[in-house]
Amino acid sequence: MSRVEEMIERLCPDGVEYKALGGIAAYAKERIPATEVGKGCYVGVNELLQGYRGRSSEVHTPAEERCIAFHSGDVLLGNIRPYLKKMWLADCDGGTNGDVLVIRVSDTKEVAPEFLWQVLAGDVFTKYNIQHSKGAKMPRGDKGAILEARIPVPPMEIQQEIVRMLDSFAELEAELEAELEAELEARRGQFYYYRNRLLADTAEGVTLVPLAKMGTFTGSTPKKSEQRFFGDEHPFYKPSDFDAGESVGTSEDGLTSEGVSASRVVPEGSTMVVCIGATIGKVGYVLETGSCNQQINVILPSEDFNSRYIFHLANSRIVQDQIARLGNFSSMPILSLKKFNQIEIPMPPRDVQDAVATALDRFDAIVHDMSDGLPAEIDARRKQYAYYRDKLLSFKEKTACAK
């Protein structure tokens with residue numbers, strides 16, 4: 001018998017009383033001027049993380065003149081798209097907007113805010129909230145129905161023990177995630193070092209060729225009316241569609257036939273390099289012919305070059321250092337096509353390029369296998385935590401005739 005089971009047997013053998021949420025808590029209604037919200041203490045629905053992961057560390061300022069005030073210990077529940085599971089137990093005083101419900105426990109001697117947070121993050125309440133939400137495109141939780149949700153109220157001693165156990169489990173989960181991410185980062189570091197070293201060794205004593213001789217161009221951005229979202233037969237690539245060192249399959253965005261005719265085609269096997277903004281120098285490899293916007297420069301490898309060799313080269317110090325030297329990094333970082341064409345790359349024999357590209361692709365595949373496996377491992381741990389939480393919060397309900 002677990003400690004919680006022993007406590008239940010001792011303190012409430014006949015079951016636990018369930019109450020409507022509105023009987024133990026209420027929505028905060030106090031409003032304060034936005035100027036009174038401290039820095040980093042504004043938490044709107046966009047600042048809440050999905051999957052009941054708390055809040056973002058990003059600091060934003062209120063868009064409203066007046067905010068709904070919240071205090072430490074309040075539960076902030078995102079009320080847009082309940083299926084996104086956005087919620088945070090406040091650890092400071094601050095302000096929010098009408099898209100977030102501020103739930104405040106009426107009597108902390110009866111219900112611990114930490115316990116209420118765990119209950120509301122549980123599967124039972126989540127399904128209830130989604131079931132009672134209103135609207136199709138932008139569903140919102142039903143504020144009235146939420147207050148009618150039935151909440152278990154075991155003795156405070158049991159609440160505190162459950163919170164302690166779940167907090168300990170969450171700490172172990174966070175430590176494991178950190179270890180997995182550190183391992184992945186170490187493997188990435190090894191790959192970057194190996195790539196830079198191999199390409200640098202390959203470039204020694206080799207003829208340098210400017211990109212201008214290969215064929216490059218800057219993408220174009222069709223009008224909004226020519227862009228079709230959620231995929232199309234002709235993908236439309238943007239810097240946000242790929243990460244540094246990533247190949248690009250299909251984009252979530254596509255183009256209409258008018259957009260295709262107004263755009264430059266980016267062939268499969270091309271290498272894309274971001275030429276403007278905070279992510280200048282980010283590189284992507286095109287797996288499916290499409291188009292790209294004007295924030296991207298495109299390298300079209302000639303027949304003398306292995307396209308994967310060019311992709312790895314663009315990610316290496318050989319090219320990235322030249323981008324840093326040739327780019328204008330003032331208020332808005334930018335690398336003009338003229339400067340981009342001046343970048344020089346080594347041109348070893350084709351068989352050497354093929355061997356280098358094959359070796360780097362193999363190492364890259366190992367790192368990406370880890371990258372793909374990491375989210376799955378983390379998701380499995382989170383599901384384990386959710387299952388454990390729901391088991392702890394499953395109480396036999398005390399009947400009216402029980403004494």
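Worth saying up front: this structure is predicted, and the values here are computed from it rather than measured.
Smallest separation of non-hydrogen atoms from Asp390 and Gly122: OD1-CA, 3.4 Å. Of all non-hydrogen atoms in Leu76 and Ala90, the two that sit nearest each other are CD1-CB, 4.1 Å. Across every non-hydrogen atom of Ile318 and Glu344, the tightest pair is CG2-O, 4.4 Å. Of all heavy-atom pairs spanning Ser225 and Thr256, the tightest one is O-CG2, 4.0 Å. Residue Phe115 comes nearest to Pro152 through the heavy atom pair CE2-O, 3.4 Å, listed as atom of the first residue, atom of the second, then distance. Shown here for Ser336 and Asn297, the closest heavy-atom pair between the two residues is O-ND2, 4.4 Å.
Other residues, nucleotides and ligands contribute more than 12 heavy atoms inside 6.0 Å of the CZ atom of Arg53.
Side chain of Thr289 to main chain of Pro267: no donor-acceptor pair is present (N/O by atom type, distance under 3.5 Å, no hydrogens or angles). Between the Arg308 side chain and the Leu360 main chain, no donor and acceptor come within less than 3.5 Å of each other. One N or O on the side chain of Glu226 and one on the backbone of Lys223 form a donor-acceptor pair closer than 3.5 Å. Within the 3.5 Å criterion, the main-chain N or O of Gln384 finds no donor-acceptor partner in the side chain of Arg389. Side-chain N or O atoms of Gln118 include none that pairs as donor or acceptor with a backbone N or O of Glu114 at under 3.5 Å. The closest donor-acceptor contact from the side chain of Tyr18 to the backbone of Phe395 lies under 3.5 Å. Distance alone, capped at 3.5 Å, is enough to place a donor-acceptor pair between the Ser251 side chain and the Phe236 backbone. No donor-acceptor distance shorter than 3.5 angstrom exists from the side chain of Thr216 to the backbone of Ala212, with no hydrogens or angles considered. Thr279 contributes no side-chain N or O that, together with a main-chain N or O of Lys282, makes up a donor-acceptor pair within less than 3.5 Å. At least one donor-acceptor pair under 3.5 Å links the side chain of Gln353 to the backbone N or O of Asn306.
Looking at Asp241 and Lys238, a side-chain N of the basic residue comes within less than 4.0 Å of a carboxylate O on the acidic one, giving a salt bridge. Comment: Glu179 does not engage Arg381 in a salt bridge, judged by the lack of any side-chain N to carboxylate O separation of less than 4.0 angstrom. Salt bridge status for Asp201 with Arg197: present, with a side-chain N to carboxylate O gap under 4.0 Å. With respect to Lys398 and Asp14, no salt bridge is recorded, no charged nitrogen being found less than 4.0 Å from a carboxylate O. The pair Arg66-Glu30 fails the salt-bridge criterion, with no side-chain N (NZ, NE, NH1 or NH2) lying under 4.0 Å from an Asp/Glu carboxylate O. In this structure, Arg382 pairs ionically with Glu177, as a charged nitrogen and a carboxylate oxygen lie closer than 4.0 Å.
Between Tyr388 and Phe169, the ring planes are tilted. Angles from 30° to 60° get that label. Taking the six-membered ring where the residue is Trp, Phe191 and His312 present perpendicular rings, their angle passing 60° and hence far from 30°. Between Tyr128 and His132, the ring planes are tilted. Angles from 30° to 60° get that label.
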Apply the test side chain to side chain donor-acceptor pair (under 3.5 Å) to residues Ser133 and Tyr83: give CA-CA distance (whole Å), side-chain angles for both, the deciding distance (0.1 Å), then the verdict.
CA-CA 10 Å; Ser133 61; Tyr83 56 82; over 6 Å; no
Could you walk me through whether Glu47 and Lys86 pass the salt bridge (charged side-chain N to carboxylate O under 4.0 Å, His left out) check?
CA-CA 9 Å; Glu47 285 71 47; Lys86 292 188 170 188; over 6 Å; no
Worked verdict on Tyr27 versus Arg104 for side chain to side chain contact (heavy atoms under 4.5 Å, CB included):
CA-CA 6 Å; Tyr27 296 131; Arg104 183 170 300 158; over 6 Å; no
Give the C-alpha distance, both sets of side-chain angles, the deciding distance and a yes or no for salt bridge (charged side-chain N to carboxylate O under 4.0 Å, His left out) between Asp99 and Arg140.
CA-CA 9 Å; Asp99 293 330; Arg140 289 176 175 267; 3.0 Å; yes
Would Val100 and Leu77 count as a side chain to side chain contact (heavy atoms under 4.5 Å, CB included) if you check the C-alpha gap in whole Å, the side-chain angles of each, and the deciding distance to 0.1 Å?
CA-CA 6 Å; Val100 176; Leu77 177 64; 5.8 Å; no
Show your reasoning for whether side chain to side chain contact (heavy atoms under 4.5 Å, CB included) applies to Leu392 and Leu166.
CA-CA 9 Å; Leu392 282 174; Leu166 290 175; 3.8 Å; yes
Side chain to side chain contact (heavy atoms under 4.5 Å, CB included) assessment of Ile158 paired with Cys12:
CA-CA 10 Å; Ile158 295 177; Cys12 47; 3.7 Å; yes
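The distance from atom CD1 of Ile343 to atom CZ of Arg325, rounded to the nearest 0.5 Å, is 8.5 Å. We find the CD1-CG distance between Ile299 and Leu211 to be 5.0 Å, quoted to the nearest 0.5 Å. A distance of 9.0 Å separates CG in Asn293 from CE in Met272, rounded to the nearest 0.5 Å. Here the OG1-CD distance, from Thr218 to Gln294, works out to 9.0 Å after rounding to the nearest 0.5 Å. Remark: Asn315 CG to Tyr192 OH distance equals 7.5 Å, nearest 0.5 Å. In this structure, CD in Gln159 is found 8.0 Å from CD in Glu110, a value given to the nearest 0.5 Å.
Side-chain contact between Glu5 and Glu9 is absent, with no heavy atoms from C-beta onward closer than 4.5 Å. A heavy-atom distance below 4.5 Å is not found between the side chains of Ile366 and Arg187. Taking 4.5 Å as the limit, some side-chain heavy atom of Asn97 sits within range of a side-chain heavy atom of Tyr42. By the 4.5 Å heavy-atom criterion applied to side chains, Trp117 and Val163 are not counted as neighbours. Annotation: side chain of Leu255 is in contact with side chain of Ser291 (closest heavy-atom distance under 4.5 Å). Side chains of Pro333 and Ile276 form no contact here, defined as non-hydrogen atoms less than 4.5 Å apart. Proximity of Asp304 to Arg350: side-chain heavy atoms (C-beta onward) are nowhere separated by under 4.5 Å. In this structure, the side chains of Pro139 and Lys134 stay at 4.5 Å or more apart for every pair of heavy atoms.
When only modelled atom types and interatomic distance are considered, Tyr237 and Asp253 share no side-chain donor-acceptor pair under 3.5 Å. Thr126 and Tyr52 form a side-chain donor-acceptor contact under 3.5 Å, judged by distance and modelled atom types alone. No side-chain N or O of Asp91 forms a donor-acceptor pair with one of Ser72 less than 3.5 Å apart. A donor-acceptor pair shorter than 3.5 Å can be found between the side chains of Ser330 and Asn328. There is no side-chain donor-acceptor pair under 3.5 Å between Ser316 and Asn196.
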